[in-house]
Enquirer: 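I'd like to ask some things about the structure below.
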Number of protein chains: 4
Amino acid sequence: MFIEMDLQSEVPLYAQLVDQLIEGIASGALHPGDPLPSVRSLAADLGINLHTVNKAYTLLKQEGFLQVHRKQGVVVNAEGMPGVTEAFERKLDAQLKTLAAEAAVRGLSAEAFAEKCAGAYRSAITGGGESL
Amino acid sequence: MFIEMDLQSEVPLYAQLVDQLIEGIASGALHPGDPLPSVRSLAADLGINLHTVNKAYTLLKQEGFLQVHRKQGVVVNAEGMPGVTEAFERKLDAQLKTLAAEAAVRGLSAEAFAEKCAGAYRSAITGGGESL
Amino acid sequence: MFIEMDLQSEVPLYAQLVDQLIEGIASGALHPGDPLPSVRSLAADLGINLHTVNKAYTLLKQEGFLQVHRKQGVVVNAEGMPGVTEAFERKLDAQLKTLAAEAAVRGLSAEAFAEKCAGAYRSAITGGGESL
Amino acid sequence: MFIEMDLQSEVPLYAQLVDQLIEGIASGALHPGDPLPSVRSLAADLGINLHTVNKAYTLLKQEGFLQVHRKQGVVVNAEGMPGVTEAFERKLDAQLKTLAAEAAVRGLSAEAFAEKCAGAYRSAITGGGESL
DNA sequence: GTGGTCTAGACCACG
DNA sequence: GTGGTCTAGACCACT
């Protein structure tokens with residue numbers, strides 16, 4: 001399994017799991033229709049509580065990334081991913097602005113910042129950690 | 001003052017304050033050496049608790065954005081801003097990767113994402129909300 | 001057969017089956033005395049478990065919508081449908097109130113809600129999906 | 001408090017709470033901006049676990065009915081209620097169709113059904129139990 | 001004291 | 001065995 005939890009991180013475990021599952025879909029490691037591990041087995045694998053996994057799955061279901069299939073359990077939404085919602089756009093803009101401001105203050109040029117962003121996108125869709 | 005608190009946001013008040021002060025520096029609204037309002041007066045202006053303002057100032061001092069001046073109180077660090085630290089780079093990479101992954105999954109192209117990023121940087125250094 | 005199961009729905013399969021059989025009777029696709037497929041064949045047709053079909057049939061028999069005929073197996077109750085029981089009235093009132101409250105809060109007018117309801121009734125007795 | 005839990009009901013406790021809070025808003029017992037009891041106190045009042053209350057609040061926050069205000073705790077969304085979303089329309093249509101079909105089969109006329117619906121709406125916006 | 005998070009253990013409906 | 005629900009008790013960040 002390509003998922004790793006950082007117990008020291010200030011990011012909640014369920015949020016880490018949400019992020020990594022989305023990265024898994026972005027990188028092509030998970031395709032629409034693919035089944036995910038059951039909450040119990042994934043919790044056991046990761047060494048965390050099943051409710052924590054459940055919370056991550058529930059959030060992703062509500063956002064439309066996952067579905068509960070009555071026979072196959074939890075699967076990646078087979079009808080495709082949710083589009084760019086207004087809420088996501090707001091979140092993206094707000095976080096990018098905050099990051100960009102700190103980057104600018106610290107002396108990172110517009111070009112360097114743009115390259116960081118491009119690298120992050122490339123890294124996300126290839127699943128690699130390189131070019132970061 | 002150009003600072004506004006969003007009491008409904010999920011971002012803690014002290015973090016909002018930190019972000020907005022950094023954005024103020026990035027946009028040129030605040031220059032190195034500029035004095036900041038006292039903890040008391042800013043807290044009163046924003047209608048928030050003393051402790052909250054204090055926590056934001058303390059964090060910014062630790063990071064090197066602010067310093068304590070004998071007579072002027074808290075000022076923007078006159079000796080310049082901290083550079084790109086390893087910790088900042090890690091934070092930037094991690095957050096960008098997470099954002100890029102969700103953007104990609106939602107169907108935002110690499111070009112559209114890059115344009116968002118460039119717009120955020122532009123917006124940060126001009127202080128405008130435009131082109132976001 | 002006009003029945004379709006939605007494996008992604010949050011409604012249990014047996015409940016979906018119950019609902020669709022009642023809708024079949026309402027629309028006139030099934031008449032009193034009409035034979036239903038055997039548990040085995042229907043389960044095979046729908047690709048679901050025997051137990052699931054059995055549970056739906058059992059519930060409908062208990063409510064009086066179906067009966068067991070010596071030679072034809074399970075048939076739509078030839079002696080007519082059950083009337084408006086107290087239990088049904090309670091269920092109807094409770095669910096309508098909940099739906100109406102959310103509709104009202106979301107800004108749906110009394111007239112628009114009434115039209116929705118009338119459309120649903122029309123749709124139910126004609127078997128169409130129109131005007132919904 | 002006007003909220004009552006039915007421990008015998010097949011409807012989950014958190015869902016009962018969600019429904020009753022929406023009914024409270026519909027009836028005018030709760031206005032936009034009004035503060036709600038803390039999860040702890042409401043749980044104590046209702047004799048249920050605070051996580052159950054928390055789940056209801058969280059759902060209502062995600063739907064846009066409630067907000068977390070950093071000073072006042074949980075409040076009814078002061079910027080107004082969410083509108084008629086596609087998801088709500090689907091839910092409404094599906095549930096109304098199922099109810100209408102059973103009502104029709106049981107011999108309830110279109111007029112009687114319409115009157116039930118109108119009564120439910122009236123009851124929801126007045127907060128009364130009458131005319132149901 | 002507030003909401004948010006995590007863990008733990010249990011029961012149930014479903015298939 | 002699956003997800004869903006409920007309870008219980010604990011810690012933490014925030015204000």
Side-chain angles (χ1 to χ4, degrees), chain A residues 5 7 9-17 35-44 46-59 61 66-75, chain B residues 5 7-17 43 46-56, chain C residues 5 7-17 43 46-56, chain D residues 5 7 9-17 35-44 46-59 61 66-75:
Chain A
M5 296 287 100
L7 296 175
S9 169
E10 64 177 349
V11 180
L13 294 177
Y14 80 91
Q16 293 181 40
L17 190 44
L36 271 68
S38 76
V39 287
R40 283 175 174 79
S41 67
L42 184 52
L46 300 176
I48 62 179
N49 193 280
L50 87 171
H51 291 104
T52 306
V53 176
N54 199 10
K55 182 165 187 177
Y57 278 11
T58 300
L59 274 172
K61 273 182 275 179
L66 303 183
Q67 282 179 322
V68 179
H69 188 105
R70 291 207 168 261
K71 311 188 84 165
Q72 301 171 250
V74 179
V75 302
Chain B
M5 296 286 101
L7 291 171
Q8 267 80 38
S9 168
E10 62 178 353
V11 181
L13 294 180
Y14 82 91
Q16 291 182 43
L17 191 45
L46 299 175
I48 61 179
N49 197 295
L50 286 179
H51 300 346
T52 308
V53 177
N54 210 352
K55 182 163 186 176
Chain C
M5 296 286 100
L7 291 172
Q8 267 79 39
S9 168
E10 63 178 351
V11 181
L13 293 181
Y14 82 91
Q16 291 182 41
L17 191 45
L46 299 176
I48 61 180
N49 197 294
L50 285 179
H51 301 346
T52 307
V53 177
N54 209 352
K55 182 164 187 177
Chain D
M5 295 287 99
L7 297 175
S9 168
E10 63 177 351
V11 180
L13 294 177
Y14 81 91
Q16 292 181 41
L17 190 44
L36 269 68
S38 75
V39 287
R40 283 175 174 80
S41 68
L42 184 51
L46 299 176
I48 62 179
N49 192 280
L50 87 170
H51 291 103
T52 307
V53 176
N54 199 11
K55 182 165 186 175
Y57 278 10
T58 301
L59 275 172
K61 273 181 276 178
L66 303 183
Q67 283 179 321
V68 179
H69 188 106
R70 291 206 169 259
K71 310 188 84 164
Q72 300 171 251
V74 179
V75 302

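Chain letters run A, B, ... following the sequence lines, proteins first, then strands; residues in each count from 1.
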Enquirer: Is any N or O donor-acceptor pair between the side chain of A/R40 and the base of F/dG1 shorter than 3.5 Å?
Expert: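 Between F/dG1 and A/R40, which were checked side chain against base, a qualifying N/O pair under 3.5 Å is absent.
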Enquirer: How long is the line joining CD of D/E10 and P of F/dG4, in whole Å?
Expert: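 Roughly 17 Å, once rounded to whole Å.
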Enquirer: Rounded to the nearest 0.5 Å, what's the gap from CD1 on B/I48 to NZ on D/K71? Could you check?
Expert: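 Reported to 0.5 Å precision, the distance equals 7.5 Å.
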Enquirer: For the pair made of CG in C/N49 and P in F/dT2, what is the distance, rounded to whole Å?
Expert: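 In whole Å, F/dT2 P and C/N49 CG are 17 Å from each other.
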Enquirer: Among A/L66, A/V53, A/L42, find the residue that satisfies the side chain to side chain contact (heavy atoms under 4.5 Å, CB included) test when tested with A/V74.
Expert: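 Exactly one option meets the side chain to side chain contact (heavy atoms under 4.5 Å, CB included) with A/V74, and it is A/L66.
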Enquirer: So what's the dot-bracket for DNA chain F: Watson-Crick or G-U pairs under 3.5 Å, [ ] if a pair crosses, | if it pairs off-strand?
Expert: ||||||||||||||.
Enquirer: Search all heavy atoms of D/Y14 against all heavy atoms of D/A56 and return the closest pair with its distance.
Expert: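 Minimum heavy-atom separation between D/Y14 and D/A56: O-CB, 3.6 Å.
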Enquirer: To the nearest 0.5 angstrom, please state how far the CD atom of B/Q8 sits from the CD atom of D/Q67.
Expert: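 Interatomic distance, B/Q8 CD to D/Q67 CD, rounded to 0.5 Å: 4.0 Å.
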Enquirer: Got a sec, which residues hit side-chain contact (heavy atoms from CB on, under 4.5 Å) with C/A15, two or more places apart in sequence or on another chain?
Expert: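 C/A15: side-chain contact (heavy atoms from CB on, under 4.5 Å) contacts with C/V11, C/P12.
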Enquirer: Calculate the interatomic distance between D/L66 atom CG and E/dG4 atom C1'; express it in whole Å.
Expert: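 Whole-Å distance recorded here is 16 Å.
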Enquirer: Nearest to the side chain of A/R70, which nucleotide is it out of F/dG3, E/dG15, F/dT7?
Expert: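 In terms of side-chain proximity for A/R70, the closest of F/dG3, E/dG15, F/dT7 is E/dG15.
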Enquirer: Quick check: are there more than 12 heavy atoms from other residues, nucleotides or ligands sitting under 6.0 Å from NE2 of D/H69?
Expert: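 Counting other residues, nucleotides and ligands, NE2 of D/H69 exceeds 12 neighbours.
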Enquirer: Rounded to whole angstroms, how far apart are CD on B/Q8 and C1' on E/dG3?
Expert: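 The answer, rounded to whole Å, is 14 Å.
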Enquirer: E/dC11 C1' sits how many Å from D/L13 CG, rounded?
Expert: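 In whole Å, E/dC11 C1' and D/L13 CG are 13 Å from each other.
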Enquirer: Contact list please: residues 51-59 of chain D against DNA chain F, heavy atoms, distance less than 4.0 Å, in numerical order.
Expert: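 Heavy-atom contacts with DNA chain F come from D/H51, D/T52, D/K55.
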Enquirer: Roughly how far apart are C/L13 CG and C/K55 NZ, rounded to 0.5 Å?
Expert: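 The CG atom of C/L13 sits 11.0 Å away from the NZ atom of C/K55.
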Enquirer: Check the distance between E/dG3's P and D/Q72's CD and give it to me in whole angstrom.
Expert: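 Value for this atom pair: 12 Å.
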Enquirer: Pair C/L17, C/L46 - check side-chain contact (heavy atoms from CB on, under 4.5 Å), show working.
Expert: CA-CA 10 Å; C/L17 191 45; C/L46 299 176; 4.1 Å; yes
Enquirer: Taking CD from D/Q16 and P from F/dT5, how many angstroms apart are they, rounded to a whole number?
Expert: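 To the nearest whole Å, that distance equals 13 Å.
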Enquirer: Please give, in whole Å, the distance from F/dC14 P to B/L50 CG?
Expert: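 Result: 17 Å.
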Enquirer: In Å, rounded to the nearest 0.5 Å, how long is the span from CG of D/L7 to CD of D/Q16?
Expert: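 Taking CG in D/L7 and CD in D/Q16, the distance rounds to 7.5 Å.
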Enquirer: Return the 5'-most residue of the pair A/V68, D/I48 with respect to DNA chain F, ranking by each residue's nearest nucleotide.
Expert: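 So the residue in question is A/V68.
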Enquirer: Reading DNA chain E from 5' onward, which residue's closest nucleotide shows up sooner: D/S41 or A/P12?
Expert: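 Per heavy-atom nearest nucleotide, the more 5' residue is D/S41.
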Enquirer: Determine: side-chain N/O of A/Y14 to OP1/OP2 of E/dC6, distance under 4.0 Å, yes or no.
Expert: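 Result: no.
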